[in-house]
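Below: the structure, in structure tokens.
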Amino acid sequence: MTPIFFNQQYPTLVDICARWQLVYDANATFELRFESDTLSLHKRDEPKLDGIVVDFVTGAVAHRRKFGGGRGQSIAKAVGLKQGVTPSVVDGTAGLGRDAFVLASLGCTVTMVERHPVVAALLEDGLRRAYQDAEIGDWMRERMRLFHGSSLEALSKLALEVDVVYLDPMYPHRDKSALVKKEMRVFQSLVGADLDADGLLAPAMALASKRVVVKRPDYAEDLAGVKPSMIIETKKNRFDVYIKSAMKS
Ligand SMILES: C[S@@+](CC[C@H](N)C(=O)[O-])C[C@H]1O[C@@H](n2cnc3c(N)ncnc32)[C@H](O)[C@@H]1O
């Protein structure tokens with residue numbers, strides 16, 4: 001049971017919180033609101049920060065879909081997207097679904113796994129609105145779905161044939177005063193660092209038929225101390241790619 005503050009007079013919020021087993025706590029750090037058909041998360045001691053919402057229709061990710069570089073993007077190269085090859089993906093650390101959405105908008109079917117109930121609630125709300133959208137709804141319903149649970153167990157239980165497992169666990173921040181985007185500050189303080197992430201590599205390798213891709217900050221060590229087969233570097237991050245056939249030889 002996760003403590004949360006919300007307006008108990010508002011039936012939609014009561015329903016959402018019940019569905020995700022979020023319990024009302026008058027002193028909770030975080031608040032969920034439902035306004036303009038959108039669920040948002042707020043940090044109560046930082047009222048000036050914008051709430052977090054998952055918006056695939058009009059938000060920054062929608063802009064990236066239209067103008068963001070298509071299959072030339074590093075993430076697309078990392079999962080092995082190329083002409084005639086559109087892998088199926090399990091995103092084992094879905095978060096706000098941004099990376100999953102980029103991959104889905106490029107044609108991949110993406111099963112997202114998210115363990116934090118508040119994050120899963122925001123994600124489900126974003127999916128609900130996207131599924132109803134006239135422009136992207138059809139392919140969103142076909143390509144993106146959410147599974148609530150921990151990938152530490154779920155990856156070995158999912159009855160799926162999948163080409164790629166994608167992982168982007170929250171890494172402890174090197175410098176707390178670093179210019180983390182305001183919205184991300186709220187998200188980071190909700191989720192914290194995923195200190196058990198090393199345990200994800202083995203089940204991910206067992207599930208993926210082609211490769212496992214791990215997104216890391218440039219200063220992070222290799223996941224589970226295992227050297228990747230290939231590294232694709234971006235400005236602040238890198239994608240460590242573990243290619244199945246390369247790992248066997
Ligand atoms: C850095 S965020 C991922 C951001 C995501 N790639 C995006 O584009 O929005 C990491 C997320 O993974 C989730 N997570 C970490 N370990 C997990 C696990 N074992 N199973 C499921 N979710 C996990 C965390 O709750 C958090 O929401």
Side-chain angles (χ1 to χ4, degrees), residues 2 4 20-22 30 39 41 52-56 59-65 68 73-76 78-79 89-106 108 110-127 130 144-158 160 162 164-174 178 180-181 183-208 212-220 223-224 232 234 236-240:
T2 306
I4 197 91
W20 293 101
Q21 298 193 312
L22 307 171
F30 294 97
L39 187 68
L41 176 75
I52 294 186
V53 300
V54 173
D55 182 5
F56 298 120
V61 287
H63 186 268
R64 182 168 167 192
R65 176 175 74 84
Q73 296 173 72
S74 302
I75 187 172
V79 300
V89 179
V90 166
D91 181 343
T93 55
L96 300 173
R98 294 166 181 203
D99 292 334
F101 180 75
V102 170
L103 295 173
S105 67
L106 297 173
C108 300
V110 187
T111 303
M112 300 182 285
V113 186
E114 174 53 53
R115 68 177 167 190
H116 197 295
V118 173
V119 180
L122 292 167
L123 204 41
E124 187 182 68
D125 186 67
L127 283 175
M144 271 184 96
R145 61 182 167 147
L146 169 65
F147 181 90
H148 175 47
S150 170
S151 287
L152 291 167
E153 292 93 42
L155 292 184
S156 41
K157 285 193 197 138
L158 284 177
L160 271 182
V162 66
V164 178
V165 175
Y166 180 84
L167 300 171
D168 173 20
M170 191 75 88
Y171 194 80
H173 272 269
R174 210 172 31 174
V180 180
K181 272 197 201 153
E183 183 193 319
M184 288 319 288
R185 269 193 357 232
V186 179
F187 183 68
Q188 282 169 2
S189 58
L190 175 76
V191 172
D194 295 317
L195 298 174
D196 54 357
D198 280 352
L200 290 169
L201 189 60
M205 288 300 282
L207 177 63
V212 172
V213 176
V214 184
K215 185 173 172 185
R216 308 290 271 167
D218 50 11
Y219 55 86
L223 189 65
I232 296 175
T234 66
K236 286 186 214 137
N237 296 304
R238 60 173 208 267
F239 295 101
D240 290 348

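Counting starts at 1 for both ligands and their atoms, following the listed order. By convention here, the first residue in the shown sequence is residue 1.
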- [ ] Report the C-alpha distance between V110 and F101 in whole Å, list the side-chain angles of each, state the deciding distance to 0.1 Å, and finish with yes or no for side chain to side chain contact (heavy atoms under 4.5 Å, CB included).
- [x] CA-CA 8 Å; V110 187; F101 180 75; over 6 Å; no
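S151 N, 2.7 Å is the protein heavy atom nearest to atom 20 (N) of ligand 1. Closest to atom 22 (N) of ligand 1 among all protein heavy atoms lies R115 N, 3.2 Å. The protein heavy atom nearest to atom 12 (O) of ligand 1 is T93 CB, 3.1 Å. Nearest protein heavy-atom neighbour of atom 19 (N) of ligand 1: S150 OG, 3.3 Å. Atom 10 (C) of ligand 1 has D168 O, 3.2 Å as its closest protein atom, hydrogens excluded (heavy atom only).
Between V191 and ligand 1, a contact under 3.5 Å exists for no N or O pair. In terms of polar-atom proximity, M170 is not counted as a contact of ligand 1, lacking any N or O under 3.5 Å from an N or O of the ligand. Looking at ligand 1, you won't find any N or O of Y166 less than 3.5 Å from one of its N or O atoms. Among the atoms of D99, some N or O lies under 3.5 angstrom from an N or O of ligand 1.
Atom OG of S189 and atom CZ of F30 lie 3.5 Å apart (nearest 0.5 Å). Note that the CG atom of D125 and the CG atom of L146 stand 11.5 Å from one another [nearest 0.5 Å]. L167 contributes atom CG, which lies 11.0 Å from atom CG of D99 (distance to the nearest 0.5 angstrom). Distance CE/M144 to CG/L103: 9.0 Å, rounded to 0.5 Å. The CG atom of D240 lies 7.0 Å from the CZ atom of R216; values are rounded to the nearest 0.5 Å.
Close contacts between ligand 1 and F187 involve ligand atoms 2 (S), 27 (O) [criterion: under 4.0 Å to a heavy atom]. If you number the atoms of ligand 1 from 1 as listed, the ones under 4.0 Å from a heavy atom of A94 come out as 5 (C), 7 (C), 9 (O). Which parts of ligand 1 touch G149 is read off a 4.0 Å heavy-atom cut-off, strictly below it: atoms 20 (N), 21 (C). Using a 4.0 Å cut-off to heavy atoms of L96, the atoms of ligand 1 that qualify are 9 (O).
Comparing heavy-atom distances from atom 27 (O) of ligand 1 across H116, M112, E114 singles out E114 as nearest.
Between D196 and R115, at least one side-chain N (NZ, or NE/NH1/NH2) sits under 4.0 Å from a carboxylate O, which counts as a salt bridge.
Formation of a donor-acceptor pair under 3.5 Å by the H148 side chain with backbone atoms of V113 is not found in this model.
Under a 4.0 angstrom heavy-atom cut-off, A154 registers as lying outside contact with ligand 1. For the ligand labelled ligand 1, residue G199 lies outside the 4.0 Å heavy-atom shell.
Checking V90, V89, L127 one by one against M112, the side chain to side chain contact (heavy atoms under 4.5 Å, CB included) holds for a single residue, L127. No option in V54, D55, V53, V61 other than V54 meets the side chain to side chain contact (heavy atoms under 4.5 Å, CB included) test with L96. Just one of V191, V214, D168 meets the side chain to side chain contact (heavy atoms under 4.5 Å, CB included) condition when paired with T93; it is D168.
Using a 4.0 Å cut-off between heavy atoms, D194 contacts ligand 1 through its side chain alone, with no backbone atom that close. Only side-chain heavy atoms of L200 come within less than 4.0 Å of ligand 1; its backbone N, CA, C and O stay farther off.
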